[in-house]
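Below is one structure, written out as structure tokens, with a few remarks after it.
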Amino acid sequence: MKNFNGKILFLDRSDINTDEIIPARYLTESTKEALKPYCLEDLSLPGFDPKRDVANKCAIVTRANFGCGSSREHAPWVLEYNDINLVLAENFARIFRQNMYNCGMLAIELTADELEDIFSTFSGAEAEVETDLEKCIVRISGSGKVKEYSFTLGEFDRALVEAGGWVAYADKKY
Amino acid sequence: MGKTIAQKIFDAHEVDRPDADVRVLSLDRVFCHEITTPIAINDLVAKQCDRVFDTSKIKAVIDHVSPAKDGKTAIQGKTLRDWVRRHDIKDFFDIGDNGVCHAIFPEKGFVRPGYTIIMGDSHTCTHGAFGAFAAGVGTTDLEVGILKGVCAFHDPKTIRVNVNGALRPGVFAKDVILTIIKELTVNGATGKVIEFHGSVIDNMGMDERMTLCNMAIEAGGTSGICEPDMVTVDYLWPYIQEEFSSKEAALAEYRKFTADADAEYDRVVDINGAEIEPVATFNYKPDQVKPVREFAGTKVDQVYIGSCTNGRLEDLRVAAQVLKGKHIAPGVRAIVSPATPKIFRDALAEGIIAIFMDAGFCVTNPTCGACLGMSNGVLAPGEVCASTTNRNFNGRMGKGGMVHLMSPATAAATAIAGTIVNSPLFSEK
């Protein structure tokens, strides 16, 4: 299983699309590794600098409809190759969400109120997340505070995360 | 309780239920292009499972960057080409025969009512115009589709959109779908199917229905779907006449995939077709839509007519009607890209290409290139493009560029005026 614990990258905006996560001009690459330097290169978010802010993060906390737009799996891959395997959002675009689980990554839905609480409590300073898949809880800590949020994980999504993705799962089953 | 179109298609294709909400479906079609398929191919080769589930159900095309623009895109083309030959996949459209995937696959008769279709391309929802469940997927879903012929989806909740009344002259499918996306928002149909109904849809040809379904994804929709009817059968007839004794028999078969009167919908949206006017997008989200008349004075540097949304013959005909005998404004450059070789040939035969060229348009071969800023019409920072494509995301057609989405009629009128304006086909009265 992948690592779901570590430092958080806060992206305080809704509707962040796949072109922002990985622009189409990099879709000419034939390996996932080659995408790594271009993570979130076209994100329009005041104060965000991809060169400075992406390194050493393990999770993204954002708002609604993350990953909308294109079907490109390059979007989860570019996160994966930057060691970001977990995204917490109000909801996800369908294809992006499925792509995350298909790669054995976690796309976790929290309510708008919970996300607002996380942003108001933790963003602007260093914060970390710890994921308990048994209890379905994310524990967020930073600025001397610790808070827990519970989530639901469907049976199929859990099986994909545990199998390491859809290829491994489907290969056994179909 | 009755069923929606998608529920009926799911019922006919279910092979597993790994979760209360999730169904694994058998696939009738797996479509492939050279951008998202090569990594799946390479992974299958690396895992020593370089196999395909059914060569007759897999169709492939090189379309996104065609002809190849550099070494990297040449490798992507070669990877797809070698794979197709290795597995003897018959329906492969390479340079010379190739067109934009969501235009060429329907044109070849590969899409039928009731089918399940996936492709590593978000605009796969286009094929729902035929009453199919067609969904864009990522490379991993594509890889499993190629290998096993299955794909997993959550149970399809459906939004029903009724567009009744009659469209005013000069109002087109693009205006209808942009108006619907504005109403639903970019997150309004996330994970849901959008079923289109009503007299406006009934009166649309297949080209227009494809424009409509093509942009379901811009509201987050998994697939757009129109009910199969005689318009669908007429379009498919050359490909299905061996299978059915008559068009009526074909229709009777396809009508299995219509919605029940008591089907359960997540939401029902009613739109009066007579109130729709020509619209275009502003800013960077496809739900940021306003009437064309509110753009007065908005200058453009480039006009682009083409793509899986609006590069079909009907689109070129309408644009040519506006352009005939006119010339594009000084300082504007204009590009038209017929979406398939057949469309190109038909447009040549009808004199449409000559009208575009006389008007000062550059005519390119069929390709997706400019729509996603990959080739054949990339914008420079600060430039503005009036475009018949489907996404106005920040940087979509080139970093720092602005894209205004609109119908071919509006794009053609804008090319002549140099600013975003209504076409003379539309009258405000």
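Chain letters run A, B, ... following the sequence lines, proteins first, then strands; residues in each count from 1.
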Contacting moiety of Lys192(B), where chain A heavy atoms sit under 4.5 Å
neither
Heavy-atom distances under 4.5 Å only: say whether Phe96(A) touches chain B with side chain, backbone, both or neither.
neither
Of the listed residues (Asp16(B), Thr73(B), Asp43(B)), which shares the most heavy-atom pairs with chain A below a 4.5 Å separation?
Asp16(B)
Lys2(A) atom NZ: more than 12 heavy-atom contacts under 6.0 Å:
yes
Residue Thr190(B) versus chain A: region with a heavy atom under 4.5 Å:
side chain
Side-chain contact, heavy-atom cut-off 4.5 Å: Lys32(A) with Ile39(B)?
yes
Could you have a look at Trp166(A), Phe92(A), Trp77(A) and say which one has the most heavy-atom pairs with chain B under 4.5 angstrom?
Trp166(A)
Just wondering, do Lys285(B) and Asn17(A) contact through their side chains at under 4.5 Å, heavy atoms?
no
How about Asn187(B) and Asp15(A): does a side-chain donor come under 3.5 Å of a side-chain acceptor?
no
Option that, when pairs with chain A are counted at under 4.5 Å, heavy atom only, ranks first among Gly220(B), Ala152(B), Gly395(B)
Ala152(B)
Is atom NZ of Lys145(A) surrounded by more than 12 heavy atoms (other residues, nucleotides or ligands) closer than 6.0 Å?
no
Crowding at CD, Glu33(A) (>12 non-hydrogen neighbours, <6.0 Å):
yes
Smallest separation among heavy atoms of Val22(B) and Phe156(A), with atom names
CG1-CD2, 3.7 Å
When Ser14(A), Ala75(A), Gly69(A) are compared by non-hydrogen pairs under 4.5 Å with chain B, the top option:
Gly69(A)
Which distance, rounded to the nearest 0.5 Å, do you find between the OH of Tyr284(B) and the CG of Asp42(A)?
10.5 Å
Taking the side chain as C-beta and beyond, is there a heavy-atom pair between Glu73(A) and Thr140(B) under 4.5 Å?
yes
Decide yes or no for His123(B) and Ser71(A): does some side-chain heavy atom of the first lie under 4.5 Å from some side-chain heavy atom of the second?
no
Can you see which heavy atom on Phe393(B) is nearest to which on Cys68(A), and at what distance?
CE1-O, 4.3 Å
Which atoms of Cys368(B) approach chain A - backbone, side chain, both or neither, heavy atom under 4.5 Å
neither
Verdict with supporting geometry, Thr28(A) and Met374(B), side-chain contact (heavy atoms from CB on, under 4.5 Å):
CA-CA 9 Å; Thr28(A) 59; Met374(B) 291 193 88; 3.6 Å; yes
Enclosure of Asp70(B) CG (heavy-atom neighbours >12, cutoff 6.0 Å):
yes
Is a side-chain donor or acceptor of Asn99(A) paired with a backbone partner of Gly138(B) at a separation under 3.5 angstrom?
yes
Determine, step by step, whether Asn102(A) and Val144(B) satisfy the side-chain contact (heavy atoms from CB on, under 4.5 Å) criterion, reporting the C-alpha distance in whole Å, the side-chain angles of both residues, the deciding distance to 0.1 Å, and the verdict.
CA-CA 10 Å; Asn102(A) 282 349; Val144(B) 172; over 6 Å; no
Can you tell me which portion of Ala170(A) sits under 4.5 Å from chain B's heavy atoms? Options are side chain, backbone, both or neither.
both
Whether over 12 other heavy atoms sit under 6.0 Å from Lys69(B) NZ
yes
Within the structure provided, determine whether Arg25(A) and Lys399(B) are in side-chain contact (heavy-atom separation under 4.5 Å).
yes
Which answer fits Val24(B), side chain, backbone, both or neither, if we ask what part of it has an atom under 4.5 Å from a heavy atom of chain A?
side chain
Would a 4.5 Å heavy-atom cut-off, applied to side chains only, mark His64(B) and Leu27(A) as touching?
no
Within the 4.5 Å heavy-atom criterion, are Ile95(A) and Ser122(B) side-chain neighbours or not?
yes
Let me know if Asp141(B) has heavy atoms under 4.5 Å from chain A in its side chain, its backbone, both or neither.
both
Please determine, among Val137(B), Leu372(B), Ile35(B), the option with the most heavy-atom pairs under 4.5 Å with chain A.
Val137(B)
Note: Lys148(B)-Asp171(A) ion pair, threshold 4.0 Å (strictly below):
yes
Please state whether the side chain, the backbone, both or neither of Arg396(B) comes within less than 4.5 Å of a heavy atom of chain A.
both
Could you tell me whether a side-chain N or O of Arg94(A) sits under 3.5 Å from a main-chain N or O of Gly136(B), the two making a donor and an acceptor?
yes
Let's go through Ser30(A) and Gln76(B) carefully: what are the C-alpha distance in whole Å and the side-chain angles of both, what is the deciding distance for side-chain contact (heavy atoms from CB on, under 4.5 Å) to 0.1 Å, and is it a yes or a no?
CA-CA 7 Å; Ser30(A) 286; Gln76(B) 289 178 312; 3.8 Å; yes
Between Ile75(B), Ile217(B), Asn394(B), Thr222(B), which has the largest tally of heavy atom pairs under 4.5 Å with chain A?
Thr222(B)
